[in-house]
Number of protein chains: 2
Amino acid sequence: MSTTQRKAKEKEELKELILQAAKNLFVEKGVEHTTMRNIADAIQYSVGTIYVYYKDKNAILYDLHSKGFQEFNNVMKVLMAVSDPMERLKALGRTYIKFATEHTDMYDLMFNMKAPIEFLCNAELDIWHQGKSTFNLLRTTVQECKDQGYFQHQDVEPLSFAIWGCVHGMCSLVIRQRVHNIGVSSPETIIEDGLEEFNRLVDRK
Amino acid sequence: MSTTQRKAKEKEELKELILQAAKNLFVEKGVEHTTMRNIADAIQYSVGTIYVYYKDKNAILYDLHSKGFQEFNNVMKVLMAVSDPMERLKALGRTYIKFATEHTDMYDLMFNMKAPIEFLCNAELDIWHQGKSTFNLLRTTVQECKDQGYFQHQDVEPLSFAIWGCVHGMCSLVIRQRVHNIGVSSPETIIEDGLEEFNRLVDRK
DNA sequence: CGAACTTATTGAACATTGTTCAATTTTTCA
DNA sequence: TGAAAAATTGAACAATGTTCAATAAGTTCG
């Protein structure tokens, strides 16, 4: 069976090679300015080969999207070690922003682009597990804050969504360039400053 | 001069015709699934004619984006009549969400899509006036809340940005389908519920 | 070893896009 | 009316995602 195993491994390796080449090109020149032929050239294979390993361009995008969430999830999960829930909540926000600003293109792909979700819908996967589990980290943390006397008379799930929305919204507005040239005093640090003020709203019993 | 005036008026009318046809098609089948030929067919002109009135597809998108902001601005400006600033702040949020959920495609174009901003950058317009003036409505309202004793020790500009981010983020997550199939209990009303909880965070002295 | 069979790879070909521009039609006005 | 100006056309182009018959490489077994 060693040959079939080796074959399978080689196939996986080539698939990974395609994925990484695609990622590099996407980061370098943007998703919509990267062609299938570009990817093929980068790995020194012909266009046709890519279609053996991926159904279409969206499939590559979805795979990248998945890998991104895996990593994102891991980064966030580490923070569950912070015992104080309010501290943890703040840390989740900081880490989220750090990820978004350091991996702009990945973040865009994960949270803004339509392609990966279209692929997901076409594939008829009715639950988006990765998104669900990341959101659960937040929901759990907010619940624990509530247990400690924060957020009295507040509903955990909608509140968690609002918090997620706030952090995501700030990142999204900056990434999608809706804050540039708008007359904001410090565009470089506006997200961090925004988070600081948001934390002040949240950290009250 | 009546002929030249009429000519100018006719040109404007045709430009508007193109714009409305484009908008209808965009709403109907999505921006990226609407072709220039589709727009031409809809208005019973040939493709070439469109290019007399618009430099390229992005120019149409930008024009639509501008018109959208004009309307958005008008809707929001009305709320400045609400004298109590905290009430006004909440009304701004509600109205923002209403606009976003009722004109999904327009909102997407205005706040998420890259094309209009790319056009803006290429045109070397260094200030995005419409975005600026809408943000100022929010900033002014937050400032007035502060004058009334809310948001003590908070910085108005970053706080305004955080508030904007929260509302935008929730809308964006829903529109871009990042909340579907995630296990949230009430996806239909999640934005409104989220806003309600956010308002509870904000409405404390 | 080598022939039959399986798998992997290729790249020309296709349909569809945004965009251009020389040719054609329509309008203007002295 | 007829020549100049303006408006409109649609075939043609380059670039894109995608397909698939043809080719090459690898595997198996007598």
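Chain A is the first sequence line, chain B the second, and so forth, proteins listed ahead of strands; every chain is numbered from 1.
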- Nearest-Å distance for atom pair CD/P, residues B:Glu32 and D:dT16: 18 Å

Under 3.5 Å between N/O atoms: give me all the protein pairs with nucleotides 18-22 of chain D, atom names plus distance.
from   : atom 1 : to      : atom 2 : distance (Å)
D:dT18 : OP2    : A:Tyr51 : OH     : 3.0
D:dT18 : OP2    : A:Lys57 : N      : 3.0
D:dT18 : O5'    : A:Tyr51 : OH     : 3.4
D:dT18 : O4     : A:Arg37 : NH2    : 3.2

- Give me the ring orientation class for B:Phe111 and B:Phe72: parallel if the planes are under 30° apart, tilted from 30 to 60°, perpendicular past 60°. perpendicular

- Item | Exceeds 12 heavy-atom contacts within 6.0 angstrom, atom CD of B:Gln44 | no

- Which atom pair, heavy atoms only, marks the closest approach of B:His65 to B:Leu109? ND1-O, 3.8 Å

- Query: Roughly how many Å is it from CD1 in A:Ile50 to P in D:dT16, rounded to a whole number?
  - Reply: 13 Å

- Task: List in chain and number order the residues that pass side chain to side chain donor-acceptor pair (under 3.5 Å) with A:Asn74, two or more places apart in sequence or in another chain; answer none if no residue qualifies.
- Result: none

- Item | Between P of C:dT27 and NZ of B:Lys11, the distance in whole Å | 15 Å

- Name the nucleic acid region contacted by A:Tyr53, choosing base, sugar-phosphate or nothing; use a 4.0 angstrom heavy-atom cut-off, strictly under. sugar-phosphate

- Task: Tell me, please, which residues at least two apart from A:Asp108 pass side chain to side chain donor-acceptor pair (under 3.5 Å).
- Result: A:Asn112, A:Arg176, B:Lys114

- Query: Expressed in angstrom and rounded to an integer, what is the separation of B:His33 atom NE2 from C:dA15 atom P?
  - Reply: 19 Å

- Item | side chain to side chain donor-acceptor pair (under 3.5 Å) contacts in which one or both residues fall within residues 18-29 of chain A, not counting sequence neighbours | A:Glu16-A:Gln20

- Message: What is the separation between atom CG on B:Asp41 and atom C1' on C:dT17, rounded to the nearest whole Å?
- Response: 14 Å

- Query: Nearest-Å distance, OH (B:Tyr45) to P (D:dA7)?
  - Reply: 11 Å

- Item | Sub-4.0 Å heavy-atom contacts from residues 13-29 of chain B onto DNA chain D, ordered by number | B:Leu14

- Whole angstrom value for the distance that separates P of D:dG10 from CD of B:Gln44: 12 Å

- Under the side chain to side chain donor-acceptor pair (under 3.5 Å) test, residues paired with B:Tyr45 that sit two or more places apart: none

- Query: Is the side chain of A:Arg94 donor-acceptor paired with the backbone N or O of A:Leu195 at a distance under 3.5 Å, no angle test?
  - Reply: no

- From CD1 (A:Ile163) to CG (A:Leu92), nearest 0.5 Å: 9.5 Å

